[in-house]
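Model, not experiment: these values are computed from the prediction. Throughout, a chain's letter reflects where its sequence line sits, starting with A, and its residues are numbered from 1. Reckoned from all heavy atoms, side chains included, excluding hydrogens, waters and symmetry mates.
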Amino acid sequence: MNSEPSAAATPQDLNARLQLIEEMISEGRRSTQSWGWTFLLWGVAYYVAIFWAAWSVNPWSWPVNLFDGNHWAWPVTMFSTAVLTLVIGTRRNKGKPRLAIGRTISSIWFSIGISMLLLFPALSIAGRIDHHSFIAIVCAMLGVSNGACGMILRWPAELASACVWWCASIFACFGSEQQAVTVFLVAIFLCQFVFGAYAMLLEAREQRAHGAVHA
Amino acid sequence: MGRSMPELPELDPVIHGKLRLALMSLLAGVETADFSWLREKTGSTDGNLGAQLMKLEEAGYVHAKKRFVERKPQTTYRVTEKGRKALAEYVAALRKLLGGMID
């Protein structure tokens, strides 16, 4: 690329520079970071925690018992998944630019994550938690983070995911314990696995389409 | 009396270079970016890119931060307030010039 301007700039040259500015600004703003895998990872983590806790009580009972089994199932799974997310995220997004929108979205998830990591152990120690309130709070919090991100990104798929979480949250308040756990498992499948796979597909498509834009 | 010619603005020579303009525009769209990403997006050589970034840094338009990531040196760049203002003025001058040429 020639870095120096010609002495006499023509209208075509000036127009080309305006186009270059627009193209480069939009290229910089286009999110190149990939986070779809985190939905799949956390989906696996929720299922592992649920079935680990259930397995230690009675593996064949239904509904699965979310807390009365191994008390370490949830804290250990959640904490190790949080560490894994940070490590893999840093490695996968190494060398990619930092965007203001990326910082906004990660701040939302980070805050929600800290809230859950503090609230649920406290409720559990205080003995003030049951299946209904646990599922309702988790689903509402995940609805908040997905809803906020969907609105920031103007992404209907993530807003739909937020709606599924919110519906599951409301349902957990009214349905039976068995129904609440079933709805929770279905919501995890839809919002973590299906949505995560869809997000990864879009990211792969985006990366193929905009791998490099040479100035 | 003849009508006086409208005064056309000068284009900032630091930004006007094609690669420097691309770098300023890329950095304007992000918070920070590292050297390898800028090289990938502009398709320029290490030497040329380093030299142009140095010129932008000397003009106070770009701020460079050096650090070690996994024991490898990494330089990240961000546009300064002065740089953002210069780019905005450059775009305004460019538009004015183009308007003047069309008139």
Side-chain angles (χ1 to χ4, degrees), chain A residues 1-35 86-107 110 152-153 206-215, chain B residues 8 10-45 47-49 51-53 55-56 69-70 72 74-79 87-88 90-103:
Chain A
M1 185 194 288
N2 180 14
S3 61
E4 294 307 321
S6 58
T10 62
Q12 287 80 10
D13 178 49
L14 297 181
N15 256 323
R17 270 155 211 274
L18 262 184
Q19 274 179 0
L20 177 69
I21 293 168
E22 283 169 14
E23 192 185 329
M24 288 291 138
I25 288 178
S26 63
E27 183 58 30
R29 284 191 180 149
R30 187 178 293 126
S31 175
T32 51
Q33 295 198 337
S34 56
W35 290 103
L86 280 176
V87 172
I88 300 172
T90 310
R91 283 180 177 271
R92 279 184 73 115
N93 293 313
K94 203 170 91 178
K96 290 181 178 174
R98 189 183 289 179
L99 306 176
I101 200 167
R103 192 157 48 86
T104 311
I105 286 169
S106 54
S107 305
F110 202 65
I152 291 167
L153 296 169
E206 178 88 358
Q207 273 173 4
R208 268 202 302 274
H210 306 286
V213 176
H214 297 302
Chain B
L8 291 176
E10 292 262 325
L11 289 173
D12 185 340
V14 178
I15 294 186
H16 192 67
K18 202 176 170 192
L19 179 53
R20 291 194 295 271
L21 181 60
L23 291 169
M24 286 295 289
S25 308
L26 276 170
L27 289 169
V30 299
E31 279 197 335
T32 59
D34 72 12
F35 189 88
S36 56
W37 185 79
L38 291 169
R39 186 185 51 203
E40 182 198 327
K41 291 296 169 190
T42 56
S44 66
T45 61
N48 193 15
L49 184 63
Q52 303 311 320
L53 281 165
K55 281 185 185 171
L56 291 171
V69 178
E70 291 170 6
K72 285 178 193 163
Q74 190 189 53
T75 312
T76 52
Y77 297 88
R78 69 171 171 82
V79 176
L87 183 63
Y90 178 86
V91 173
L94 206 56
R95 287 188 195 281
K96 202 168 176 187
L97 266 178
L98 275 167
M101 283 179 173
I102 292 162
D103 289 344

When rounded to the nearest 0.5 angstrom, what distance separates [atom1] in [X] from [atom2] in [Y]?
X: B/Leu19; Y: A/Leu20; atom1: CG; atom2: CG; value: 9.5 Å
X: B/Leu26; Y: A/Ile21; atom1: CG; atom2: CD1; value: 11.5 Å
X: B/His16; Y: A/Leu14; atom1: NE2; atom2: CG; value: 6.5 Å

With a 4.5 angstrom heavy-atom cut-off, is it the side chain or the backbone of B/Tyr77 that approaches chain A, or both, or neither?
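Looking at B/Tyr77, nothing touches chain A.
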What's the shortest heavy-atom distance between [X] and [Y], and which atoms?
X: A/Arg17; Y: B/Lys18; answer: NH1-N, 3.6 Å
X: A/Leu99; Y: B/Glu31; answer: C-CG, 4.0 Å
X: A/Met24; Y: B/Ser25; answer: CB-CB, 3.4 Å

What residue in B/Thr32, B/Leu23, B/Val91, B/Asp34 has the most heavy-atom pairs under 4.5 Å with chain A?
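When all of B/Thr32, B/Leu23, B/Val91, B/Asp34 are compared, B/Thr32 has the most.
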